[in-house]
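When reading the values below, keep in mind they use all heavy atoms of this one structure, side chains included, and skip hydrogens, waters and symmetry mates. All chains are named by letter (A, B, ...) in the order of the sequence lines, taking the proteins before the strands, and each is independently numbered beginning at 1.
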Number of protein chains: 4
Amino acid sequence: MATKKGPKYDQIIDAAVTIIAQNGYHQAQVSKIAKEAGVADGTIYLYFKNKEDILISLFEEKMGTFVDHIRSKLMEANTIEEQLQFLVEMHLKQLAADKNLAVVTQLELRQSNYKLRQRINEVLKEYLSVMESIIEKGKASNVFSQDVNDKLARQMIFGTLDEVTTNWVMKDCKYDLESLSKPVFDMLLQGFKLREDVS
Amino acid sequence: MATKKGPKYDQIIDAAVTIIAQNGYHQAQVSKIAKEAGVADGTIYLYFKNKEDILISLFEEKMGTFVDHIRSKLMEANTIEEQLQFLVEMHLKQLAADKNLAVVTQLELRQSNYKLRQRINEVLKEYLSVMESIIEKGKASNVFSQDVNDKLARQMIFGTLDEVTTNWVMKDCKYDLESLSKPVFDMLLQGFKLREDVS
Amino acid sequence: MATKKGPKYDQIIDAAVTIIAQNGYHQAQVSKIAKEAGVADGTIYLYFKNKEDILISLFEEKMGTFVDHIRSKLMEANTIEEQLQFLVEMHLKQLAADKNLAVVTQLELRQSNYKLRQRINEVLKEYLSVMESIIEKGKASNVFSQDVNDKLARQMIFGTLDEVTTNWVMKDCKYDLESLSKPVFDMLLQGFKLREDVS
Amino acid sequence: MATKKGPKYDQIIDAAVTIIAQNGYHQAQVSKIAKEAGVADGTIYLYFKNKEDILISLFEEKMGTFVDHIRSKLMEANTIEEQLQFLVEMHLKQLAADKNLAVVTQLELRQSNYKLRQRINEVLKEYLSVMESIIEKGKASNVFSQDVNDKLARQMIFGTLDEVTTNWVMKDCKYDLESLSKPVFDMLLQGFKLREDVS
DNA sequence: TATGAATGAGTTTTCATTCAT
DNA sequence: AATGAATGAAAACTCATTCAT
């Protein structure tokens with residue numbers, strides 16, 4: 001069984017990111033990943049239960065770091081507005097910083113089967129709860145409108161960030177993604193803010 | 001070659017929706033689709049060039065109707081706000097009305113390969129341009145803020161609607177999707193509206 | 001069943017020669033032949049039992065004419081030598097005159113299955129017996145050596161002519177085939193002639 | 001890719017000869033060959049790029065041995081006549097000795113497509129050049145007539161041997177092929193020999 | 001731990017032939 | 001006689017996973 005966390009564990013995950021980004025999900029055979037990682041095919045199975053497990057682990061590892069970075073940045077925020085701002089900034093910044101990873105998470109991993117995608121969604125839940133807690137606090141502190149539906153608001157944040165990033169990846173990462181955080185943040189904030197004059 | 005548009009053309013497309021929704025993208029063999037459509041395997045190839053062509057045609061046909069319905073509804077709108085409202089309503093309403101189709105477009109077809117997904121994106125472009133023209137008109141008539149970036153706003157609309165619908169599908173369509181149009185519309189509108197007091 | 005010999009019968013056979021020469025044996029679908037002949041697919045089956053029957057008939061018709069021409073030319077010959085000479089000349093001349101047919105008989109039809117090739121051999125028998133009768137007469141009139149084995153001599157004639165023609169076809173009929181009849185005839189004649197001094 | 005030359009490489013080639021001889025070219029499925037060779041279907045593809053590659057390799061391997069044997073026998077020849085005699089003898093002897101192989105090369109492999117047949121012709125070239133060098137030396141040493149055309153003479157040798165062997169195979173190898181080498185050799189030699197009295 | 005040769009299940013597509021009109 | 005839409009059987013090849021060394 002998978003004796004996780006040798007030095008090769010990380011080698012294999014990084015090789016998977018590289019190979020999937022280069023060849024696409026359906027052309028990322030285990031043997032290619034093994035070769036890129038510099039190990040034998042069989043060795044993969046000492047660290048991962050099966051191919052799906054590589055991809056899930058890849059997502060868990062990378063997403064774990066991703067969320068940790070966001071969370072620690074949020075600690076620095078003094079206001080709800082800043083929390084939302086930092087989240088948007090960090091989301092785009094981190095994906096802009098690792099284009100291979102962006103290609104893999106935004107395009108390639110979505111070609112995976114239903115089962116894998118449900119596991120991915122579970123991993124995402126932690127991130128989504130970070131978003132929801134910002135919404136809740138925003139409403140509690142009367143910065144956001146009470147009319148805002150927590151779950152829908154979270155879906156708007158995630159859906160927008162995801163769509164913005166996917167478009168950037170599909171345009172071959174040719175423009176600056178990070179600089180979009182300010183206008184994206186502005187629109188989201190306006191969408192949630194307390195409205196003086198809602199009919 | 002594909003002599004499109006007999007009565008069987010539609011039979012096959014509808015069979016494809018049913019089979020993909022029931023079995024998932026990767027378990028939707030041509031022979032299953034043929035059986036569901038009540039034709040022989042080979043007959044499929046009188047109407048479609050290959051399996052990929054079935055899926056592209058499916059998307060084109062259904063998306064065509066989808067956008068047409070939205071467009072004609074938009075004609076009835078008297079204000080920009082109503083246009084955005086009708087678009088959100090019709091988007092959710094139509095997907096709520098055909099759950100099989102929703103499963104196929106939100107989940108299954110995204111497992112397709114890069115090439116098919118790029119064709120899908122081309123088909124989507126027309127819909128996206130409908131969204132962008134609402135943004136443009138909103139800004140031109142000073143209902144929306146000049147600070148709003150057309151493309152980002154469009155990505156927010158689409159990303160939000162897509163995420164909302166995907167979540168609904170992944171929860172097995174258990175709750176009422178259509179009733180979400182009002183709060184979703186509210187958040188989006190707030191996000192774009194002219195702001196009295198932007199810092 | 002095949003009501004042979006309408007005007008379309010010949011149209012179809014000629015279409016078959018054209019299509020096979022242009023596309024190769026394995027790319028010569030019945031529907032292509034029908035289209036070239038200007039008839040519907042189903043019409044083919046009013047004149048031929050099946051696809052194989054087209055090819056056999058093609059060979060029979062063309063080979064019949066081929067042998068008839070040779071036979072009538074042989075009537076003009078005054079000596080055994082001339083008979084052999086005329087046979088070689090006519091063989092090469094006729095194939096040189098219809099390159100499509102040469103491609104079909106020398107290359108494409110040989111890709112057919114064992115059964116068809118055996119039928120072709122039966123059709124060839126008549127031609128082969130013409131060759132053998134020349135050998136026999138040559139030996140009877142003491143022009144050819146008694147040591148010559150009838151069947152082997154016939155195989156040498158046919159094998160040589162066939163190989164010479166096949167090489168010409170495989171070189172895209174780029175050189176003059178007919179002019180080879182003199183040297184080919186010379187070699188064959190020498191091979192059979194009475195030898196003054198056989199060791 | 002084809003990591004040629006394990007013990008299984010030869011097993012598979014021999015299995016292919018057996019299966020093709022028994023079932024015919026078009027009934028020689030990869031799975032049958034694999035079963036006969038005692039390996040899994042997939043194993044075939046560790047040694048051969050595709051099915052065509054099996055057949056090409058089969059021909060190359062067997063033809064290589066075939067020509068090598070002839071060449072080394074020719075070294076023992078003291079005269080041009082003996083060279084021609086040995087070539088004829090060895091050609092017929094080797095095919096007579098492996099009837100399966102004879103069936104495959106004389107009948108079945110000729111049903112292959114144009115591309116494969118052209119590869120086969122390339123492999124044959126080496127053998128044909130052996131024949132041509134005999135012709136050339138025969139003319140140089142004034143044993144053969146200067147009137148003999150090198151290429152045509154080679155075509156006569158090959159065409160004759162090929163036709164003789166094919167007839168034998170089509171008669172189910174029922175008679176003795178090897179014993180035909182003497183009369184065949186005699187006719188060929190006469191065909192090429194210096195003629196005292198050529199008109 | 002590590003290797004890598006071997007396994008074998010699974011699916012799209014073509015095309016000769018039919019038959020209702 | 002003529003049509004042409006519909007039929008349905010049949011086979012090469014890939015690649016995740018195993019296991020003897």
Side-chain angles (χ1 to χ4, degrees), chain A residues 2-3 6-9 12 26-35 37-55, chain B residues 3 6-9 12 26-35 37-54, chain C residues 2-3 6-9 12 26-35 37-55, chain D residues 3 6-9 12 26-35 37-54:
Chain A
T3 320
K8 300 202 173 163
Y9 177 82
I12 292 167
H26 289 294
Q27 281 307 306
Q29 293 85 353
V30 171
S31 59
K32 263 189 201 153
I33 295 173
K35 196 174 178 187
V39 300
D41 293 15
T43 305
I44 298 264
Y45 292 86
L46 299 174
Y47 293 88
F48 301 91
K49 212 168 61 201
N50 51 33
K51 186 180 180 181
E52 197 174 53
D53 189 33
I54 307 176
L55 305 175
Chain B
T3 321
K8 305 213 166 150
Y9 178 81
I12 293 166
H26 290 293
Q27 279 307 305
Q29 293 88 349
V30 171
S31 59
K32 267 188 200 153
I33 295 173
K35 197 172 178 186
V39 300
D41 293 15
T43 305
I44 299 266
Y45 293 87
L46 298 176
Y47 294 88
F48 301 91
K49 216 168 56 204
N50 50 35
K51 187 179 179 182
E52 194 176 53
D53 190 33
I54 307 176
Chain C
T3 319
K8 301 203 171 163
Y9 177 83
I12 292 166
H26 290 294
Q27 281 307 303
Q29 293 86 353
V30 171
S31 60
K32 262 188 202 154
I33 295 172
K35 195 174 179 187
V39 300
D41 294 15
T43 305
I44 298 265
Y45 292 86
L46 298 175
Y47 294 88
F48 301 91
K49 213 169 59 201
N50 50 35
K51 186 179 180 182
E52 197 174 53
D53 189 32
I54 306 174
L55 305 175
Chain D
T3 321
K8 306 216 164 147
Y9 178 82
I12 293 166
H26 290 294
Q27 280 306 305
Q29 293 87 350
V30 171
S31 58
K32 266 189 200 152
I33 296 173
K35 197 172 177 187
V39 300
D41 292 17
T43 305
I44 299 265
Y45 294 88
L46 297 176
Y47 294 89
F48 302 91
K49 214 168 57 202
N50 49 35
K51 187 180 178 181
E52 195 176 53
D53 189 33
I54 306 176

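In this structure, Asn50(A) places its CG atom 5 Å from P of dT17(F), rounding to the nearest Å. The distance between atom OH of Tyr47(A) and atom C1' of dT17(F), rounded to the nearest whole Å, is 18 Å. Atoms CZ (Phe48(D)) and C1' (dA12(F)) sit 16 Å apart, rounded to a whole Å. Spacing between atom CD1 of Ile44(D) and atom C1' of dG8(E) amounts to 13 Å, rounded to whole angstrom units. Rounded to whole angstrom, the span from the CD1 atom of Ile12(D) across to the C1' atom of dA5(E) amounts to 12 Å. Spacing between atom CG of Leu46(D) and atom C1' of dG8(E) amounts to 12 Å, rounded to whole angstrom units. As rounded to whole Å, 14 Å separates atom C1' of dT12(E) from atom NZ of Lys32(B).
At dG4(E), none of the side-chain N or O atoms of Lys35(A) fall inside 4.0 Å of OP1 or OP2 (strictly under the cut-off).
Shown here for Asp53(D) and Phe48(D), the closest heavy-atom pair between the two residues is OD2-CA, 3.4 Å. Taking every heavy atom of both residues into account, Tyr45(D) and Asn50(D) meet most closely at CE2-CA, 3.9 Å. Summarising the geometry of Ile33(B) relative to Ala28(B), their closest heavy-atom pair is CD1-O, 4.1 Å, with the distance given to 0.1 Å.
If you find the closest nucleotide of DNA chain E to Ser31(B) and to Lys8(D), the one lying nearer the 5' end belongs to Lys8(D). Nearest-nucleotide mapping onto DNA chain F: of Val39(B) and Thr43(D), the residue sitting toward the 5' end is Val39(B).
Applying the side chain to side chain contact (heavy atoms under 4.5 Å, CB included) rule to Lys51(C) yields the partners Val30(C); only residues at least two apart in sequence or on another chain are considered. Here Glu52(D) pairs with Lys115(D) under the side-chain hydrogen bond (donor to acceptor under 3.5 Å, both in side chains) rule; sequence neighbours left out. Take Gln29(A) and apply the side-chain hydrogen bond (donor to acceptor under 3.5 Å, both in side chains) test, not counting sequence neighbours, and it matches Gln27(A), Lys32(A). The side-chain hydrogen bond (donor to acceptor under 3.5 Å, both in side chains) test applied to Lys8(D) returns no partner, not counting sequence neighbours.
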Each nucleotide N or O in nucleotides 9-11 of chain E that has a protein N or O under 3.5 Å away: list the pair and distance.
from, atom 1, to, atom 2, distance (Å)
dT11(E), OP1, Gln29(B), NE2, 2.7

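Note: Tyr9(A) OH to Ile54(A) CD1 = 10.5 Å, rounded to the nearest 0.5 Å.
Stems are defined here as 3 or more consecutive Watson-Crick or G-U wobble pairs with pairing distances under 3.5 Å; those involving DNA chain E are E:2-21 with F:2-21.
The side chain of Tyr45(D) has dT14(F) as its nearest neighbour among dT1(E), dT14(F), dG8(F).
Between His26(D) and His26(C), the ring-plane angle classifies as perpendicular under the 30° and 60° cut-offs.
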